[in-house]
Amino acid sequence: MVRAKSEPLIFEKSVPGRRAGVLPPLDVPAKPLEELIPTAEQRTSLRLPEVSELDVVRHFTRLSKRNFSVDGEFYPLGSCTMKYNPRVDENVASMPGFRQLHPLQPEETAQGALRVLYELERLLGEITGLPGVSAQPVAGAHGEFTGILVARAAHEKQGRARHKVLIPDSAHGTNPATAAMVGYEAVTIGHDRRTGELDVEDFKSKLDEDCAAIMMTVPNTLGLFERQIAEICRLAHDVGCYVYCDGANMNAMVGQVRPGDLGVDLLHINLHKTFAVPHGGGGPGGGAICVTQALEPFLPAPVVGRRADGTYFFDHNRPDTIGRVHGFYGNFNAALRSYTYILMHGKEGLPEIGANAVLNANYLLSRLKGHYTPYVDRTCMHEFVLDGRSLREHGLKTLDLAKRLIDYGYHPPTIYFPLIVPEAIMIEPTETESRETLDAFADALIAIAQEARDHPELLHDAPHETPVGRLDEVRAARQPDLRWRADTSNVDGGGPNVEGRV
Amino acid sequence: MVRAKSEPLIFEKSVPGRRAGVLPPLDVPAKPLEELIPTAEQRTSLRLPEVSELDVVRHFTRLSKRNFSVDGEFYPLGSCTMKYNPRVDENVASMPGFRQLHPLQPEETAQGALRVLYELERLLGEITGLPGVSAQPVAGAHGEFTGILVARAAHEKQGRARHKVLIPDSAHGTNPATAAMVGYEAVTIGHDRRTGELDVEDFKSKLDEDCAAIMMTVPNTLGLFERQIAEICRLAHDVGCYVYCDGANMNAMVGQVRPGDLGVDLLHINLHKTFAVPHGGGGPGGGAICVTQALEPFLPAPVVGRRADGTYFFDHNRPDTIGRVHGFYGNFNAALRSYTYILMHGKEGLPEIGANAVLNANYLLSRLKGHYTPYVDRTCMHEFVLDGRSLREHGLKTLDLAKRLIDYGYHPPTIYFPLIVPEAIMIEPTETESRETLDAFADALIAIAQEARDHPELLHDAPHETPVGRLDEVRAARQPDLRWRADTSNVDGGGPNVEGRV
Amino acid sequence: MPSFVPTTARERDEMLRAIGAASVDDLFRDIPAEFRNPQLDVPPGLSELEALRHLRQLAEQNLDLDHHPSFLGAGAYRHFTPSIIGHLVTRGEFLTSYTPYQPEVAQGTLQSMYEWQSLVCELTGMDVSNAAVYDAATGVGEAARMACAVTRRKKVLVAESVNPFYREVLRTYGGGPGIEIQPVHAWWRAKGDKDAPLTRVEDLAQYVDETVACLIIQNPNFLGWLENVDGLAERLAGKGAILVVVTDPACLGLLRPPGAYGAGIVVGEGKWTGGPVDFGGPQVGMFACKSDYVRQLPGRIVGATVDHDGNRGYVLTLATREQHIRREKATSNICTSEALIALCTTIYLCHLGKQGLREVAEQCVQKSHYLADQIAALDGYAVLSGGPYVKELVAKCPRPAAEINRALLERGIVGGFDLGRYSDVLSDCLLLCCTEVTTRQEIDQLAAALKEIG
Amino acid sequence: MPSFVPTTARERDEMLRAIGAASVDDLFRDIPAEFRNPQLDVPPGLSELEALRHLRQLAEQNLDLDHHPSFLGAGAYRHFTPSIIGHLVTRGEFLTSYTPYQPEVAQGTLQSMYEWQSLVCELTGMDVSNAAVYDAATGVGEAARMACAVTRRKKVLVAESVNPFYREVLRTYGGGPGIEIQPVHAWWRAKGDKDAPLTRVEDLAQYVDETVACLIIQNPNFLGWLENVDGLAERLAGKGAILVVVTDPACLGLLRPPGAYGAGIVVGEGKWTGGPVDFGGPQVGMFACKSDYVRQLPGRIVGATVDHDGNRGYVLTLATREQHIRREKATSNICTSEALIALCTTIYLCHLGKQGLREVAEQCVQKSHYLADQIAALDGYAVLSGGPYVKELVAKCPRPAAEINRALLERGIVGGFDLGRYSDVLSDCLLLCCTEVTTRQEIDQLAAALKEIG
Ligand SMILES: Cc1ncc(COP(=O)(O)O)c(C=O)c1O
Ligand SMILES: Cc1ncc(COP(=O)(O)O)c(C=O)c1O
């Protein structure tokens with residue numbers, strides 16, 4: 001409410017000898033410590049903060065107030081699916097039977113947890129039409145990595161050494177980065193400026209038997225369905241190239257269309273997008289990977305199996321596996337949330353997700369037409385992208401519009417992505433927002449368009465009421481100050497730790 | 001962070017047919033409803049809001065942001081003991097074994113809960129020196145009511161019909177209100193302007209055999225210890241008058257002095273002050289009543305007993321009881337928090353509460369001397385009261401100072417109480433605040449004293465950055481608008497429901 | 001032991017120096033030495049881990065009703081608590097703020113209280129509501145006091161079909177200022193072929209004369225039955241007396257509101273629609289009345305108003321009723337109330353909403369009647385019919401209710417309320433409660449057990 | 001089934017009209033009809049109450065370690081989680097915000113990440129830290145990739161005393177870009193009168209030549225022992241190779257930081273100091289390095305800077321390392337990470353603080369050594385001594401470890417990690433873990449059970 005004053009670093013609140021957490025008294029006979037751990041192995045200083053419990057609570061409460069969030073604000077961040085995260089999932093995830101469960105406990109003492117993983121994987125298989133599922137990857141990019149490794153392993157199994165992965169120019173940065181991490185050359189494919197879809201001719205010209213996979217995003221990052229997807233899959237399969245689908249945009253398809261039916265071979269789902277794991281300021285999420293039956297043997301080990309007697313187990317006997325991609329079984333506690341979310345929606349509820357995500361996006365788009373220019377003027381799926389170049393007439397850019405939205409109490413959309421759209425403004429309302437919210441947001445955007453003409457400085461100087469104004473990002477990168485340092489910190493909090501360069 | 005926009009009433013967000021909570025499908029055969037409940041007995045309309053779960057979450061999240069709280073701000077509200085409320089207590093209070101426990105379950109299935117009540121009562125008895133304890137009253141005023149009823153019952157038992165209760169002029173309003181509720185005449189006793197303590201001569205002149213009790217507050221509401229308390233008790237007892245101690249200020253005494261040792265006969269403890277039950281915006285709290293052994297038989301029924309075999313039970317066989325004061329056993333879930341709090345502090349920790357509450361108050365007072373005028377210039381206990389009349393020189397009043405503190409990020413102190421102090425400013429820092437916080441607060445008050453001289457309008461127009469400015473309280477009282485009405489509500493939220501008078 | 005005190009020994013010494021005191025002890029010099037530093041017989045402090053272990057152990061000594069079928073109601077009801085409630089009300093901004101004395105920094109609490117008042121008015125059909133009282137039981141006490149204040153009379157009639165615990169509290173509350181509490185007998189009469197007691201509040205009106213301030217009834221009453229209230233309020237009004245109705249918000253999802261049959265004051269228990277049974281507390285009392293009586297309302301009241309810029313805002317209002325202004329002339333001594341529990345209920349009512357609350361009531365009706373059918377079919381058992389009922393019914397058993405309950409508990413079932421505690425003539429009767437959380441399987445299990453026991 | 005969709009049928013129709021579409025189906029017309037409206041073989045939806053019941057049932061099928069003594073560690077450790085953590089991190093502002101792309105409305109997340117980075121640097125003794133990676137296992141993979149990028153080499157040595165799960169993940173990570181992972185054997189040697197295996201990383205240096213990017217060790221190692229690292233970093237540096245150390249923040253409360261013995265990259269698992277074991281996930285990887293390598297760091301990095309008015313503020317920085325800018329040239333593909341778990345750990349480290357974290361480590365030491373004494377005193381059992389240890393020890397048993405574990409479980413005790421899964425030669429060994437939450441009573445109970453079994 002009141003403009004938050006600057007909040008010092010917790011280190012700057014430290015007072016020697018002050019304490020919050022204490023332990024029970026030691027209940028075993030204490031031996032001289034140096035007999036157990038040689039003094040040379042012990043540290044001589046530890047500059048952790050020394051604060052009281054109230055210090056901690058107040059500090060992090062105050063920090064939290066410096067965030068926008070779905071719970072407080074409309075957050076139409078394109079490609080991120082900032083939907084409502086049901087609180088019941090938090091209560092499920094905090095049940096002691098799940099929380100106080102060690103990953104290496106005997107399987108017979110973890111049957112409930114194993115069943116959650118098993119059933120979640122079956123549900124995701126059913127929803128995507130790709131029955132081989134592993135919930136081990138912990139994020140979308142991690143799923144991509146896992147998926148491309150699976151593709152490579154499958155090629156290798158068939159004795160095929162391939163070197164290229166095709167990637168549309170509209171793709172998210174994680175796609176090419178993933179291809180490179182797995183050791184592939186990323187080859188870019190253009191898009192059709194008119195339809196906003198993959199340039200199929202360009203694709204055909206680059207597709208050959210050295211292509212391990214094509215990484216499609218469906219709907220694509222313009223929020224458009226790739227109408228040629230089935231054909232693209234056919235063409236790819238003809239040369240033994242796998243079709244990987246970046247499932248970040250799965251929300252549009254839930255219950256409406258199954259990527260597996262379209263011919264996709266592999267797909268990850270960002271459980272933190274489509275299936276409502278709270279984003280947490282950047283994770284934990286889940287990047288479950290779903291593949292065809294043929295690719296199933298290559299999934300990361302262990303996989304969860306179910307015996308004839310109805311008991312569940314970790315199957316480590318997976319000769320073709322790509323190996324582990326996580327220390328244990330992935331973000332179990334996040335998977336639990338998605339499992340609950342899917343079960344609650346059920347057969348009738350799941351299609352409502354896709355239907356209303358698409359309805360909301362198209363409604364919002366319809367409200368903005370005439371005021372803003374869609375990059376491609378078509379029925380969109382769950383999101384759409386505006387071309388913000390008209391702002392330039394007023395000496396402004398998309399960034400200014402984004403910051404001005406903050407003054408109106410909205411989190412800005414995704415901006416400058418996809419890279420192919422000049423001054424991109426990428427808006428994804430999600431299915432959990434109400435029409436009134438969409439209307440109010442459209443009104444704000446329309447008002448801002450007017451402001452851009454009449455009072456461009458309002459955009460240029462925005463945001464006006466946040467605890468900090470626009471920050472000097474160049475200085476942050478040129479003079480990196482990446483940590484507090486005991487020696488140079490200035491307790492008055494008046495400026496950054498400029499001496500603390502690295 | 002960002003100045004919160006006005007938040008509509010939840011009713012104003014209602015959309016016909018929208019829903020959040022749904023039930024499991026009915027699992028028994030459904031009969032026609034009108035066969036079970038006659039149509040005439042059914043209501044024809046129910047104008048509850050129709051909103052989505054996100055609507056609810058966002059609405060109440062936004063509302064919450066319009067509050068100051070201990071977790072976010074220093075909250076030196078005198079007489080209210082706004083100390084840190086440990087979060088562990090919340091976790092204890094949410095254990096299913098306590099939450100899913102019906103108050104009428106067989107006692108053998110509620111032994112853990114009964115033990116909590118039993119032990120809490122014993123602990124409070126030990127801390128106060130008054131061994132007869134009932135945790136049934138749910139707030140301070142409720143404890144007063146219970147206590148004065150106990151005193152009356154004791155008088156009646158002894159065949160004494162008395163009519164007066166003596167109450168110092170510095171007392172909290174609940175004291176005279178309580179006396180009246182119990183059917184007594186409240187007789188006011190003055191205070192000594194020099195010492196800030198009870199005017200013992202006035203007391204003596206009013207004390208007689210028609211006095212059922214004197215309600216003392218120790219330390220008194222000026223934050224001063226009543227040095228004559230033992231003598232006052234002796235004098236009162238000489239005429240068969242009970243000494244009731246309003247224990248709202250118990251925080252100063254915890255582990256330092258026991259009211260029972262001073263001669264007090266009855267005392268309530270505001271568990272939500274001294275023993276850290278979160279105030280919750282005005283309850284739930286606890287007003288446990290502690291009395292001498294002699295008065296124990298009169299406590300509200302049932303009381304919790306312990307059998308020789310170590311089992312606990314509700315003792316309903318209490319012929320002298322004043323009766324029940326609550327539908328069940330009081331605010332059990334609040335009592336649980338205080339029990340945990342007391343156990344965590346333990347023998348060594350309890351005296352730290354009183355010691356540091358008093359240390360902090362005196363330190364803050366020492367910082368303010370020279371800038372503000374204490375009503376009485378003495379070593380204080382856990383709080384102190386300033387006389388704000390000097391503000392009048394600048395055309396200002398205590399209210400202006402209070403509102404200006406909000407601009408500095410502090411919750412104002414208690415103001416205009418006790419009534420005996422002109423322009424009273426009553427400050428209670430509590431023991432859980434750090435010296436840095438006290439210093440920063442003192443600095444703010446000193447700066448405001450300077451502002452009062454140089455820029456009185458800063459105080460006069462404060463607060464400047466809250467979601468609403470100073471509100472028209474006269475209008476609120478003269479044209480009461482106490483509820484939303486379907487017909488007159490204005491959805492734009494632009495003004496109050498002025499038509500909705502009652 | 002943990003300490004929530006941040007002050008280190010060194011800081012303490014520096015602070016003492018600034019104060020000019022030699023020691024902390026010095027600060028307590030006003031207290032005669034003989035009383036200082038009591039040696040408390042209290043165990044040593046516990047770390048957070050130890051405290052949690054100890055309390056978990058105690059919690060687990062209780063039989064929790066998530067794991068056992070239970071048919072207990074009798075004033076405390078198990079309704080489903082949506083998960084959002086706990087998450088929202090434990091936000092520090094709600095949890096750790098005081099009664100909203102400084103409206104500019106308490107709009108969150110104030111607006112939610114205004115919403116509570118509005119919800120209570122909608123549910124009860126009354127004109128105005130306060131921001132809650134401690135619980136329904138003390139609400140009955142306050143209602144009696146208020147009715148006396150409004151009518152300037154001193155006699156209160158209370159139907160025996162009102163929850164006996166409420167009546168006990170009423171007695172305590174009435175005692176002080178000399179209010180005469182007159183219990184009016186509920187009639188027990190045969191109906192049809194069943195030996196069925198039936199309370200008839202309509203007959204109560206005959207007790208009403210010009211000395212009576214109010215008649216207090218409960219609807220549905222303690223035995224679960226709807227009272228026949230037709231014409232009651234009118235007859236009372238004829239003598240200048242007020243009808244006070246105690247009710248249950250879950251039932252009001254379906255039932256006509258007390259305002260519709262002339263109640264002057266309505267009291268309800270708000271706790272169970274918003275939170276678990278919590279061993280009976282904290283609760284929160286709904287308290288609503290006709291607009292004429294608003295200046296006699298006890299407790300806090302929030303009103304809407306404007307600031308200088310015309311922004312809508314909320315304040316505590318009509319404070320001249322209250323103890324901090326009027327002291328011994330106040331309508332009540334209430335100060336701290338049950339704000340956070342009221343907030344739980346407020347959130348609950350918004351979450352369930354118009355349709356949801358009705359469904360709750362309807363499921364209660366269907367399940368309790370399903371249970372009734374099962375019991376009626378058992379040899380030796382009968383369901384007493386005293387009127388239509390929503391969630392509670394009276395089962396007459398072949399053996400003393402206490403015995404039946406014991407036998408049920410042996411089978412892992414928490415039975416009903418032993419009505420022998422309410423009235424001698426009902427010592428073979430159980431008050432059984434079904435709500436939307438009761439499953440058919442639990443009901444069938446109970447019926448099977450009763451059969452076996454019976 | 002509940003719907004989190006607010007749109008009513010009527011609104012939907014109005015919205016369609018505004019869009020100019022006939023139906024929702026119409027909006028999906030780009031999808032060939034043959035693929036539309038799949039019939040999902042998914043059960044009907046559940047209300048919140050049903051979902052909670054179902055999940056609680058599943059949860060209760062697991063044996064939870066609040067109610068059973070457990071000596072499992074092996075990469076997942078039970079430390080006490082202070083209550084404040086859950087309350088703070090479930091505040092919607094932290095829970096439901098995205099990666100902080102818009103710094104003006106994400107200072108809360110950004111500043112707490114900056115604090116995380118600072119804490120990680122302090123703990124590890126390194127210059128810089130990123131804002132976390134997925135977990136320690138993938139952190140090891142990222143460290144290998146980073147070391148290769150820094151040194152422009154392709155060979156990675158990894159000690160066999162590194163957690164075998166981490167090594168498996170390393171293998172997966174290394175596979176892609178053709179990094180050669182060379183496991184270097186741990187030596188097994190007799191020591192004193194015990195048949196004690198001892199890993200000697202100091203000997204590993206002999207494998208290092210100019211093709212080696214880094215040597216990865218774990219300290220304390222997988223068997224709980226402190227490695228003898230003296231001179232190791234220097235020997236590696238002599239060949240231009242980097243020392244990568246995997247470590248445990250709880251142990252670092254007591255142990256000298258890897259920075260002090262020349263680590264170039266340090267990876268740690270942050271999850272257990274801030275949250276329960278959670279069936280192994282989510283975790284969060286600490287990832288720190290020397291300042292020279294900062295532009296090769298994977299993942300997000302937060303930096304402090306100023307706004308136009310000179311106010312300190314925080315931003316994501318050095319983004320030119322990242323996938324959204326550099327695409328296939330990025331240092332890693334990490335996008336969403338484990339921010340909220342890092343926040344848990346940040347709060348934990350602040351709450352425990354300087355003294356508290358040291359006490360945690362010291363209690364681990366004392367309790368594990370107390371357990372060692374109990375075991376050493378048992379006939380047929382021995383404690384293998386491979387070096388000083390903090391919280392884990394290797395117990396040699398008279399029978400296969402798997403059998404011992406089974407027998408313990410029958411007695412309600414969750415035993416240790418069966419080291420037969422780690423190495424054939426250790427199939428009669430259990431890796432047993434004690435932390436500050438292990439009680440003496442539990443240890444004594446284990447010892448008694450082992451005696452009985454043995
Ligand atoms: C299209 C697309 N692909 C991949 C990703 C990466 O997913 P994650 O952040 O879960 O690693 C994102 C996330 O923003 C995305 O939008
Ligand atoms: C001195 C004093 N007495 C009594 C009370 C009443 O206590 P409660 O609000 O718990 O009813 C208060 C509360 O502010 C108080 O300060």
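What you see below is based on every heavy atom in this structure, not just the backbone, and it leaves out hydrogens, waters and symmetry mates. A, B, ... follow the sequence lines: proteins, then strands. Residue 1 opens every chain.
For Ala330(C), the part lying under 4.5 angstrom from a heavy atom of chain B is the side chain only. Neither the backbone nor the side chain of Pro300(B) has a heavy atom closer than 4.5 Å to any heavy atom of chain C. At a 4.5 Å heavy-atom cutoff, the contact between Ser366(B) and chain C is made by side-chain atoms alone. If you measure heavy-atom distances from His59(B) to chain C, the contacts under 4.5 Å come from the side chain alone. For a residue to count as touching a neighbouring chain, one of its non-hydrogen atoms must lie under 4.5 Å from one of that chain's; by this rule Ala179(B) does not touch chain C. At a 4.5 Å heavy-atom cutoff, the contact between Glu50(B) and chain C is made by side-chain atoms alone. Residue contact with chain C, scored on non-hydrogen atoms closer than 4.5 Å, involves the side chain of Ala230(B) exclusively. With a threshold of 4.5 angstrom between heavy atoms, Asp309(C) does not approach chain B through any atom at all. Using a 4.5 Å cut-off between heavy atoms, Arg115(B) touches chain C through its side chain atoms alone. Both the backbone and the side chain of Ser118(C) have a heavy atom closer than 4.5 Å to some heavy atom of chain B. With a 4.5 angstrom heavy-atom cutoff, Thr7(C) touches chain B only via side-chain atoms. At a 4.5 Å heavy-atom cutoff, the contact between Leu409(C) and chain B is made by side-chain atoms alone. Using a 4.5 Å cut-off between heavy atoms, Glu90(B) contacts chain C through its side chain alone, with no backbone atom that close. Of the atoms belonging to Ile325(C), not a single heavy atom falls under 4.5 Å from chain B. For chain B, the nearby part of Phe417(C) is the side chain; its heavy atoms alone come within less than 4.5 Å. Heavy atoms closer than 4.5 Å to chain B are found in the side chain of Val414(C), but not in its backbone. In this structure, chain C has heavy atoms under 4.5 Å from both the backbone and the side chain of Leu262(B). Both the backbone and the side chain of Leu27(C) come within contact range of chain B, judged by heavy atoms closer than 4.5 Å. For Met82(B), the part lying under 4.5 angstrom from a heavy atom of chain C is the side chain only. Contact of Leu336(B) with chain C is made through the side chain alone, with heavy-atom distances under 4.5 Å. For chain C, the nearby parts of Phe60(B) are the backbone and the side chain; heavy atoms of each come within less than 4.5 Å. For Leu88(C), the part sitting under 4.5 Å from any heavy atom of chain B is the side chain, from C-beta outward, and nothing else. In this structure, the portions of Arg36(C) lying under 4.5 Å from any heavy atom of chain B include both its backbone and its side chain. With a 4.5 Å cut-off on non-hydrogen atoms, Pro38(C) touches chain B through its backbone and its side chain both. There is no contact between Ala136(C) and chain B, counting heavy-atom distances below 4.5 Å. Of the two parts of Leu123(B), only the side chain, counted from C-beta on, holds a non-hydrogen atom closer than 4.5 Å to a non-hydrogen atom of chain C. Within the 4.5 angstrom heavy-atom criterion, only side-chain atoms of Tyr75(B), from C-beta onward, approach chain C. Using a 4.5 Å cut-off between heavy atoms, Ile84(C) contacts chain B through its side chain alone, with no backbone atom that close.
Judged by distance alone, the side chains of Gln323(C) and Thr174(B) never bring a donor and an acceptor atom under 3.5 Å apart. A side-chain N or O of Asn311(C) and one of Asp307(C) form a donor-acceptor pair less than 3.5 Å apart. Residues Arg56(C) and Gln61(C) have side chains that never bring a donor and an acceptor to within less than 3.5 angstrom of each other. Side-chain contact, Ser94(B) with Asn91(B): no donor N or O sits under 3.5 Å from an acceptor N or O. Tyr114(C) and Asp481(B) are linked by a side-chain donor-acceptor pair at a separation below 3.5 angstrom, with hydrogens and angles left out of the test. There is a side-chain donor-acceptor pair under 3.5 Å between Asn67(B) and Thr109(C). Using modelled atom types, one finds a donor on one side chain and an acceptor on the other under 3.5 Å when comparing Asn333(C) with Thr178(B). Counted by atom type alone, Asn331(B) and Gln283(C) present zero donor-acceptor pairs between their side chains at under 3.5 Å.
Ring geometry for Phe98(B) versus Phe332(B): interplanar angle of 30 to 60°, hence tilted.
When atom types are taken as modelled, the side chain of Asp472(B) and the backbone of Thr305(C) share no donor-acceptor pair closer than 3.5 angstrom. In this structure a side-chain-to-backbone donor-acceptor pair under 3.5 Å is missing from Ser337(C) to Ala339(C). Without hydrogens or angle criteria, Glu436(C) side chain to Phe80(C) main chain gives a donor-acceptor distance under 3.5 Å. In terms of modelled atom types and a separation under 3.5 Å, the side chain of Asn333(B) and the main chain of Gly281(C) share no donor-acceptor contact.
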Between Glu53(B) and Arg18(B), is a salt bridge (Lys or Arg N to Asp or Glu O under 4.0 Å) present by the stated rule, with each step listed? CA-CA 10 Å; Glu53(B) 186 162 307; Arg18(B) 192 175 285 174; over 6 Å; no

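Per-residue heavy-atom pair counts under 4.5 Å with chain B were compared for Gln102(C), Arg440(C), Arg327(C), and the maximum is reached by Arg327(C). Contact tally against chain B (heavy-atom pairs below 4.5 Å) for His54(C), Glu269(C), Arg358(C), Gln57(C): the top residue is His54(C). Residue with the most contacts toward chain B among Pro282(C), Gly280(C), Gly92(C), Gly353(C): Pro282(C) (heavy-atom pairs, distance under 4.5 Å). Between chain C and the options Val51(B), Ile342(B), Leu224(B), Ile322(B), the largest number of non-hydrogen pairs under 4.5 Å is found for Ile322(B). By number of non-hydrogen pairs under 4.5 angstrom with chain B, the leading residue of Thr320(C), Val390(C), Leu72(C), Leu318(C) is Leu72(C). In terms of heavy-atom pairs under 4.5 Å with chain B, the best-connected choice from His324(C), Lys329(C), Gln117(C), Gln111(C) is Gln111(C). The residue among Val24(C), Leu254(C), Thr138(C) with the most heavy atom pairs within less than 4.5 Å of chain B is Leu254(C). The candidate from Val57(B), Val116(B), Ile127(B) with the greatest count of non-hydrogen atom pairs under 4.5 Å with chain C is Val57(B). Contact count against chain C (heavy-atom pairs under 4.5 Å) is highest for Arg99(B) among Arg99(B), Lys347(B), His279(B).
When side chains are defined from C-beta on, Glu328(C) does not count as touching Met181(B), because their heavy atoms never get closer than 4.5 Å. Residues Arg78(C) and Leu65(C) are in side-chain contact: their nearest non-hydrogen atoms beyond the backbone lie under 4.5 Å apart.
Summarising the geometry, atom CD1 belonging to Ile301(C) is positioned 7.5 Å from atom OG1 belonging to Thr317(C); distances are rounded to the nearest 0.5 Å.
Note on Asp27(B) versus Lys367(C): salt bridge recorded, some NZ/NE/NH1/NH2 to OD/OE distance being below 4.0 Å. Taking 4.0 Å as the cut-off between side-chain N and carboxylate O, Lys354(C) and Glu359(C) do not count as a salt-bridged pair. Using a cutoff of 4.0 Å between basic side-chain nitrogens and carboxylate oxygens, Arg300(C) and Glu322(C) are scored as salt-bridged.
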